[in-house]
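First comes the structure, then the notes that go with it.
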Amino acid sequence: MTIAFLGLGSMGAAMAANLLKAGFPLTVYNRTAEKTEPLRQQGATVAASPAEAVRSADIVFTMVTDDKALEELTTGPDGILTTLPQGAIHASCSTVAPDTNRRLAEAHRAHGSFLVASPVFGKPDVAAAGKLWVGSSGPAEARQRLKPAQDAIGQGTHDFGDDPGAASVAKLCGNFLLGTVIEGLAEALTLAEKCGLDRVGFYEMLTSTLFNNPIYKSYGKLIAEQHYQPVGAPPAIIRKDMNLVVQEAYKQDMPMPFANIVRDRLTATVALGEPDVDWASFAKRVSEDAGM
């Protein structure tokens, strides 16, 4: 299968590199052209536009920042649907609203191609190791054909059925849960510290006993040490995701007070304009509220 990859941020570049390692012929495109150079050196073909990149593709992966960028990339004047071959599959990996993928899936259906929502769970280092967890939803035949390429970027793919918005729902719910973990850890560690416990020592006890799992260990380390590098995702990107969570909850008449707390923490963090920090840095707002 010939693959095109559009969007080469820290996640997209790592995913594209693993597709090359798996032996797939790969064409890449990125709005900032210099980001394509490492992949060109690894054997990828570089395209000057989205339309050029997908002209001969069996599969096109997209990994961009938000719904607007994805829609422009797909249906814009020089977008995917101007040249994508009939029967090709668009693997939409970005974190976007479920209705965005549903709407774009209809545009693909009219074009004679397919969209499969294919969001991923994991930080850039996990992506580089090919250990992402992948969600998948869309037409059954297209999901089956896409699976070998998904296997090249992840350690497992979870099938959410035919609705092209379903995997996006799963991604938003997952990011919401990560946000609540960060908030909960921040509150617990701050209370422990105010009561005289060693912050790092308490974290080490938690993550070697009741909370011995990768999420509590990785985010807990950042929060315990109050050192928010390396950057997995910047606060502004995940605030966008929390906005999508709250919007989807509103549509479904679903109260989600914790989602609003996490979104407000991220809004305060974005407003401070701190450069080069992971989104977990919103945990500092908890300490600030406690006078620390």
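Because the structure is predicted, anything quoted here is derived from the model rather than measured. Excluded from the calculations below are hydrogen atoms, water molecules and symmetry mates; all remaining heavy atoms, backbone and side chain alike, are included.
- Without hydrogens or angle criteria, D198 side chain to G201 main chain gives a donor-acceptor distance under 3.5 Å.
- Relative orientation of the F211 and Y216 rings is tilted, given thresholds of 30° and 60° on the angle between their planes.
- Taking hydrophobic clusters as Ile, Leu, Val, Met, Phe, Trp and Tyr residues chained together by side-chain heavy-atom distances below 4.5 Å, L146 does not share a cluster with V54.
- Note on F61 and I80: separate hydrophobic clusters, where clusters join Ile, Leu, Val, Met, Phe, Trp and Tyr whose side-chain heavy atoms are under 4.5 Å apart, directly or indirectly.
- Contact record, L6 with A4: CD1-CB, 4.0 Å, taken as the closest heavy-atom pair.
- The 12-atom threshold is exceeded at NZ of K217, counting heavy atoms of other residues, nucleotides or ligands nearer than 6.0 Å.
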Query raised in the report: Passes salt bridge (Lys or Arg N to Asp or Glu O under 4.0 Å), R103 versus E106? Steps please.
Result: CA-CA 5 Å; R103 186 164 56 251; E106 283 300 306; over 6 Å; no
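- Remark: Y203 OH to E225 CD distance equals 7.0 Å, nearest 0.5 Å.
- With a 4.5 Å cut-off on side-chain heavy atoms, R199 and S287 count as touching.
- When atom types are taken as modelled, the side chain of K240 and the backbone of T95 share a donor-acceptor pair closer than 3.5 angstrom.
- At least one donor-acceptor pair closer than 3.5 Å links the side chain of K194 to the backbone N or O of A290.
- Under a hydrophobic clustering in which Ile, Leu, Val, Met, Phe, Trp and Tyr are joined whenever their side-chain heavy atoms come within less than 4.5 Å, directly or via other members, L185 and W279 fall into the same cluster.
- No side-chain heavy atom of E52 sits under 4.5 Å from any side-chain heavy atom of T83.
- Few gaps surround CD on E288; more than 12 heavy atoms of other groups in view lie less than 6.0 Å from it.
- At least one side-chain heavy atom of V120 sits less than 4.5 Å from a side-chain heavy atom of M63.
- Q150 and S118 form a side-chain donor-acceptor contact under 3.5 Å, judged by distance and modelled atom types alone.
- In this structure, S136 and T157 approach most closely via the heavy-atom pair CB-CG2, 3.7 Å.
- The cationic atom of K35 (NZ for Lys, CZ for Arg) does not lie both less than 6.0 Å from the six-membered ring centre of Y29 and within 45° of the ring axis.
- A side-chain donor-acceptor contact under 3.5 Å links D67 and T100.
- The side-chain heavy atoms of L81 and S113, taken from C-beta on, include a pair separated by under 4.5 Å.
- Taking each heavy atom of V64 and S94 in turn, the nearest pair found is N-OG, 2.8 Å.
- V245 and I261 end up in the same hydrophobic cluster when Ile, Leu, Val, Met, Phe, Trp and Tyr side chains are linked at under 4.5 Å.
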Query raised in the report: Step by step, would you call V46 with T27 a side-chain contact (heavy atoms from CB on, under 4.5 Å)?
Result: CA-CA 6 Å; V46 175; T27 299; over 6 Å; no
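- Smallest separation of non-hydrogen atoms from A283 and I223: CB-CG1, 3.9 Å.
- T269 and R285 share a donor-acceptor pair across their side chains, judged by distance under 3.5 Å alone.
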**Report entry** Residues H90, T62; criterion side-chain hydrogen bond (donor to acceptor under 3.5 Å, both in side chains); working and verdict
**Finding:** CA-CA 8 Å; H90 175 184; T62 55; 2.8 Å; yes
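- Applying the ring pair (Phe, Tyr, Trp, His ring centres under 6.0 Å) criterion to F121, with sequence neighbours excluded, gives no partner residue.
- Between E183 and F282 the shortest side-chain heavy-atom distance falls below 4.5 Å.
- Atom-to-atom distance recorded for R102:CZ and D163:CG is 4.0 Å, nearest 0.5 angstrom.
- Of the residues listed (I182, L222, I238), the one engaging D278 in a side chain to side chain contact (heavy atoms under 4.5 Å, CB included) is L222, and it is the only one.
- No donor-acceptor pair closer than 3.5 Å links the side chain of R55 to the backbone N or O of P85.
- Using a distance-only test at 3.5 Å, with no hydrogens or angles considered, no donor-acceptor pair links the side chain of E274 to the main chain of V270.
- Residue-environment remark: NZ (K131) stays at or below the threshold of 12 foreign heavy atoms within 6.0 Å.
- Taking the side chain as every heavy atom from C-beta outward, H108 and L84 approach each other to under 4.5 Å.
- The line from CE of M242 to CG of L266 is 7.0 Å long, rounded to the nearest 0.5 Å.
- Ion pairing between K68 and E72 fails under the 4.0 Å rule for side-chain N and carboxylate O.
- Atoms CG and CD1, from D66 and I237 in turn, are 7.0 Å apart once rounded to the nearest 0.5 Å.
- Of the possible polar contacts, one joining the T267 side chain to the R263 backbone as a donor-acceptor pair under 3.5 Å is found.
- M205 and V200 fall into different hydrophobic clusters, where Ile, Leu, Val, Met, Phe, Trp and Tyr residues are linked whenever their side-chain heavy atoms come under 4.5 Å apart, directly or through other members.
- The side-chain heavy atoms of T45 and V28, taken from C-beta on, include no pair separated by under 4.5 Å.
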Query raised in the report: Does the side-chain contact (heavy atoms from CB on, under 4.5 Å) test come out yes or no for Q247 and L244, once each step is laid out?
Result: CA-CA 5 Å; Q247 291 165 18; L244 295 176; 3.8 Å; yes
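- None of K171, M11, M15 except one satisfies the side chain to side chain contact (heavy atoms under 4.5 Å, CB included) rule with C93; the exception is M15.
- Look at R265 and D289 and you find a salt bridge, because one of the NZ, NE, NH1 or NH2 atoms lies within 4.0 Å of a carboxylate O, short of that distance.
- Between L8 and T36, the closest side-chain pair of non-hydrogen atoms falls below 4.5 Å.
- For F176, there are no ring pair (Phe, Tyr, Trp, His ring centres under 6.0 Å) partners, not counting sequence neighbours.
- Partners of S168 by side chain to side chain donor-acceptor pair (under 3.5 Å), not counting sequence neighbours, listed by chain and number: N101.
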